[in-house]
Amino acid sequence: MATIDWLILAAYLVLIVFMGGWFARRQNSTEAFFLGGRSVPWWAVGFSFFGSSISTGTFLAFPGQGYGGDWIPHLSHLIFPVIAVLAACWVIPYYRQQVRMSAYEFLEQRFGYGTRCYASLIYVLYHLFRNGMILFLMAKALNAMTGWDPVAILVVCGILAVLYTMLGGLEAVIWTDVLQSVTLFGGGLFCLWFLTFGSDDGAFHLFQVAGEAGKFKLVDWSLDLSHPTIVVIILYGLVHHGTYYTTSQDVAQRYLAASSTRSSQKALLCGGLSIVTTWTLFLLIGSLLYAYYQIHPGQLPAEIAARETQIFPFFVMQTIPPGISGLILAGMTAAAMSSLDTTINSLAMITVRDFYLHFRPQASDRRQLVLGRIASGFWGILGIGSGLLMLAGVERAYYFGATVSSFIGGGILGLFLLGMFVRRAHTRGVWVGVITGIAISVWGGADTILEMLGASSAFIESVRFPWHPWMIMGLGNIASFTVGWLASVALPDGRRAVATAAP
């Protein structure tokens, strides 16, 4: 790395910690710490939606997919604007009318504390391991690009993210996301420009080579549900993005951080457009890198070519001029920290609002604020520990957490939709629906579980999920919603019966 690269990266890290300290002066209540005082400008919230949805995986997986595959999985991301419009029209107004801070409050009001606790635990379980994976990917990527010690990278960046999140709360998270969004998008945009116009090959030639290799194929029109065909991809995109933008605590906090419903709607729509543009940008970079290295095969070592996710970092360090490569490194660091700070703050919110206050409802706001800061540090340190375990060779920890949370959270979107939009839904009915969704999720992963338990191949084949794995989430949530609705019609409402029988 050139001196200018070091200076850019160091200046970026110092600046985000300074921003955390700057906003710490205004964190005098839980509403300020968790919701930014409900007065954050809509455009800053939009940048935060963008920044928190782009992780280190965007820098690695999207170019890797564009290089080694095609654009078919990207169709699920192009569905996102549909979900953004639906969420802006119905989900945001509901949250701003019915929810004070936690995304899961209304579940308790509708169906009892059990459903609120259930949804909160799913969020905690998934993001506990996801935080570790974010740091793990960043450390591995920066190690490959710079040769720095991955443990040092992980610990330093993790501590910095924890520090400014503890100090400045959601306001620091959102405003650092603004900086991080500009950094990572600017770095990606320059890479695309340099690849297409800064090389001697010319943009047309690169597009031609990539197109002839089928790199831009977007749709498989077959109706075979065992492959990622159009029906599978669309269903997955709708349910995946619908789940995140309806049920996630970090998203709900942004819905509530803006000054009005209209501001929140503008933030989501503008942020959503930026997210899809950035995903497309990095996928396009990967496809053009395929063409570039087809034209210049001698520039790509065989060991790098065999690992698709290393293609883009290799290109940056070998080809991008000094100064700009420092910007790319800062962008990659930003992508990880903007995802990490978001979940640290939301996990702290859940700790205080969904768990602590249930048992200590009379706790003062000051006590809640102190606990929120402590919880931010706790979850951040736990995420760093999870990432260190993965660096030590226990990557399966992430897949274990993701698998378990996908099993038990198989019908979470159906639960939320029942709570928000179906008046007749009641506790008994929604639990029947949730259990049905969980059963479908477990069926979808039964082959993996049975293989781990050493079951016979014949038995595994007899119970294997017959369609593509991306169908599992969609079917689980459709079943959760439909069965929950029907069960609420067919079964008596236990809570109402108890209330009626009470003297």
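Between F421 and W90, the closest side-chain pair of non-hydrogen atoms falls below 4.5 Å. Side chains of L238 and I83 form a contact here, defined as non-hydrogen atoms less than 4.5 Å apart. Looking at Q65 and L283, their side chains come closer than 4.5 Å, going by heavy atoms from C-beta outward. In this structure the side chain of V162 reaches within 4.5 angstrom of the side chain of I344, judged on heavy atoms. At a threshold of 4.5 Å between non-hydrogen side-chain atoms, the residues Y94 and F106 count as touching.
Of the possible polar contacts, none joining the T482 side chain to the A479 backbone as a donor-acceptor pair under 3.5 Å is found. Looking only at distances, no side-chain donor or acceptor of E171 sits under 3.5 Å from a matching main-chain atom of G37. Checking side-chain atoms of Y95 against main-chain N and O of T246 turns up a donor-acceptor pair under 3.5 Å. Listed for the R373 side chain is a donor-acceptor partner under 3.5 Å among the backbone atoms of L167. Checking side-chain atoms of H227 against main-chain N and O of T229 turns up no donor-acceptor pair under 3.5 Å. Of the possible polar contacts, none joining the H127 side chain to the R130 backbone as a donor-acceptor pair under 3.5 Å is found. Using modelled atom types, no side-chain atom of S480 and backbone atom of N477 make a donor-acceptor pair closer than 3.5 Å. When atom types are taken as modelled, the side chain of S76 and the backbone of G237 share no donor-acceptor pair closer than 3.5 angstrom. In this structure, the side chain of S48 does not engage the main chain of A44 through any donor-acceptor pair within 3.5 Å. A side-chain donor-acceptor contact under 3.5 Å links S264 to the backbone of Y255.
Residues D224 and S226 bring a donor and an acceptor atom of their side chains to less than 3.5 Å of each other. R424 and S488 are not linked by any side-chain donor-acceptor pair at a separation below 3.5 angstrom, with hydrogens and angles left out of the test. For R96 and S260, the side-chain atoms include no donor-acceptor pair closer than 3.5 Å. Between S346 and Y123, the side chains place a donor N or O and an acceptor N or O closer than 3.5 Å (distance only, hydrogens not considered). Side-chain contact of D250 with Y244: a donor-acceptor pair under 3.5 Å is present, judged by distance alone. There is a side-chain donor-acceptor pair under 3.5 Å between N131 and T343.
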Exercise for the section: Kindly indicate, with the supporting measurements, whether the criterion salt bridge (charged side-chain N to carboxylate O under 4.0 Å, His left out) is fulfilled by E105 and R100. Expected result: CA-CA 8 Å; E105 293 173 12; R100 186 182 173 204; over 6 Å; no
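Aromatic ring centres of Y113 and H358 lie closer together than 6.0 Å. Not less than 6.0 angstrom separates the ring centroid of Y118 from the ring centroid of Y104. Here the two rings, on W485 and F481, have centers that are under 6.0 Å apart. With ring centers used as reference points, W71 lies 6.0 Å or more from W279. No close placement of the F216 and H74 rings is indicated, their centers lying 6.0 Å or farther apart. Two rings, from H240 and Y236, have their centers less than 6.0 Å apart.
With values rounded to the nearest 0.5 angstrom, L218 atom CG is found 9.5 Å from I233 atom CD1. The structure places OG1 of T278 at 9.0 Å from CG of L273, a figure rounded to the nearest 0.5 Å. Of the inter-residue distances, the one linking L60 atom CG with L137 atom CG reads 6.0 Å to the nearest 0.5 angstrom. To the nearest 0.5 Å, the span separating CD1 on I92 from CZ on R254 amounts to 12.5 Å. Once rounded to the nearest 0.5 Å, the distance linking OG1 of T165 with CG of D341 reads 4.5 Å. M337 CE to T342 OG1: the interatomic distance, rounded to the nearest 0.5 Å, is 11.5 Å.
In summary, R116 and D354 engage in a salt bridge, as defined by a charged side-chain N under 4.0 Å from a carboxylate O.
A 6.0 Å sphere centred on CZ of R367 holds no more than 12 heavy atoms belonging to other residues, nucleotides or ligands. More than 12 non-hydrogen atoms from other residues, nucleotides or ligands lie less than 6.0 angstrom from CH2 of W43. Heavy atoms of other residues, nucleotides or ligands lying less than 6.0 angstrom from CZ of F459 number 12 at most.
Each of T30, V352, L357 was evaluated against L371; a single residue qualifies, V352, per the side-chain contact (heavy atoms from CB on, under 4.5 Å) test.
Contact between T115 and E108 at its shortest, heavy atoms only, is OG1-N, 4.3 Å.
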